[in-house]
Amino acid sequence: ELLSTPTSLVTLDPRAHIPYTLQFSIGVEHQVTAKSTASAVYIGNRGIDLFRSIDANAPIGDSFVRPNPALGQVRQMQSEGYLKGNALELTFRGKASKYFSGQVQYTLSRTYNNTSGITFFPANSYDPAAEWGRSDNDRLHKFDLLASSQPTRFFTFGAALSLYSGKPVDITTGADNNHDGIINDRPFGIARNTMAGPGLINLDLNLSHDFALSKRKKEAKVLSLSLNSFNILNHPNYVSYIGTISSPLFGRPAAALPPRRTQLDVQFKF
């Protein structure tokens, strides 16, 4: 039975060469106060001749027969992929007042490509250009806040807030419709990464205080006590959705990041 199994090959496209990436940016920065700045930066990103794989011996059309029936899958690694990304970053950093210091950043971005790496196969090896769509890690909106404050001498307060829109999800049939042995086929007329994935809402808080155990600055001994809470809102941050339309769980989350966690931390510094 093993003798009847067609041999599969892995080949390198003779036209392949090393991929490269271009990144360029332009921005302006303004001094808001003596200890804070605001900036706006445009960032462009281009990935050229990126790696991908195709099955050079995939069945044509609705046929079950491969062009060379003596062989099975002929994986050809190519450098034909492309990536295009554009982002606008708005940032405030510094000490705005005695009650706030840190950084606030909002990013508006879009990233498109037609490959996810050298192990990536298009749904149709004879039409890899149809894979052009949102990158697997594309997020339209990202908001990050990192802040610390010492409202009294008794404790220091810290906060980290992240608000992200979702990554895309690829919709697939869950079957090998084109008989190429790879189950990544999409329904007719559905492009790659078109379903909106889950967003992210995460808030971490920290309260801390340092107890000085000696008065000598050169040989200071400090007991640091802190209370940390992660995902304090206990928001269900789903990692991904199931995009297989034949699954009874289609459109539902597959996994989630950890729920609320709280820890007490004690450190002795000397």
Side-chain angles (χ1 to χ4, degrees), residues 6 8-24 42-69 71-88 108-140 165-197 240-247 250-251:
S8 294
L9 300 176
V10 178
T11 64
L12 180 65
D13 187 344
R15 301 169 299 174
H17 42 271
I18 301 298
Y20 60 98
T21 300
L22 297 176
Q23 189 173 77
F24 45 94
Y42 162 75
I43 300 173
N45 191 23
R46 303 292 183 267
I48 300 169
D49 298 332
L50 304 180
F51 283 128
R52 71 180 178 208
S53 295
I54 67 164
D55 183 359
N57 196 37
I60 301 174
D62 296 328
S63 172
F64 285 83
V65 181
R66 294 179 177 273
N68 185 348
L71 296 174
Q73 182 189 91
V74 178
R75 176 187 170 190
Q76 184 181 83
M77 295 179 290
Q78 302 178 334
S79 58
E80 301 288 340
Y82 184 67
L83 176 145
K84 180 179 181 181
N86 296 289
L88 175 64
L108 175 68
S109 66
R110 266 291 183 243
T111 303
Y112 292 88
N113 62 16
N114 56 12
T115 176
S116 298
I118 196 168
T119 60
F120 174 83
F121 281 85
N124 181 357
S125 288
Y126 295 107
D127 188 17
E131 297 303 303
W132 183 256
R134 290 178 64 188
S135 165
D136 293 344
N137 294 313
D138 177 59
R139 293 187 189 271
L140 180 60
S165 57
K167 296 180 181 180
V169 178
D170 199 23
I171 299 176
T172 61
T173 64
D176 184 14
N177 303 98
N178 58 2
H179 319 301
D180 63 356
I182 306 171
I183 304 177
N184 64 349
D185 304 70
R186 291 189 294 271
F188 179 77
I190 301 296
R192 171 173 162 260
N193 284 346
T194 54
M195 186 166 78
S240 64
Y241 281 0
I242 296 174
T244 305
I245 60 173
S246 58
S247 170
F250 173 71

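Side-chain atoms are counted along with the backbone in the values below, which use heavy atoms only and exclude waters and symmetry mates. Note that the structure is predicted; figures quoted are calculated from it, not measured. Start at 1 with the first residue, then count along the sequence.
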Q: Would you check if the side chain of Tyr126 reaches a backbone N or O of Ala58 as a donor-acceptor pair within less than 3.5 Å?
A: yes
Q: Examine the side chains of Ser116 and Asp136 and answer whether a donor and an acceptor come within less than 3.5 Å of each other.
A: yes
Q) To the nearest 0.5 Å, what is the distance between OG (Ser240) and CG (Asp170)? A) 12.0 Å
Q: Using a 4.5 Å cut-off on heavy atoms from C-beta on, say whether the side chain of Asp55 contacts that of Arg66.
A: yes
Q. Going by an N to O cut-off under 4.0 Å, is there a salt bridge joining Asp13 and Arg52?
A. no
Q. When you look at CZ of Phe24, are more than 12 heavy atoms from neighbouring residues, nucleotides or ligands closer to it than 6.0 Å?
A. yes
Q. Between Ser8 and Leu71, is there a donor-acceptor pair closer than 3.5 Å when you use the side chain of the first and the backbone of the second?
A. no
Q. Would you call Lys167 and Asp138 a salt bridge, using N to O less than 4.0 angstrom?
A. no
Q) Do Tyr42 and Asn86 have a side chain donor and acceptor closer than 3.5 Å? A) yes
Q) When you measure from the side chain of Asp185 to the backbone N and O of Asn178, does any donor-acceptor pair fall under 3.5 Å? A) yes
Q | Pairing residues for Val65 by the side-chain contact (heavy atoms from CB on, under 4.5 Å) criterion, not counting sequence neighbours | A | Ser63
Q.
Quick check: do Gln73 and Phe121 have side-chain heavy atoms less than 4.5 Å from each other?
A. yes
Q. Taking atom types as modelled, is there a side-chain donor on Arg75 or Ser53 under 3.5 Å from an acceptor on the other?
A. yes
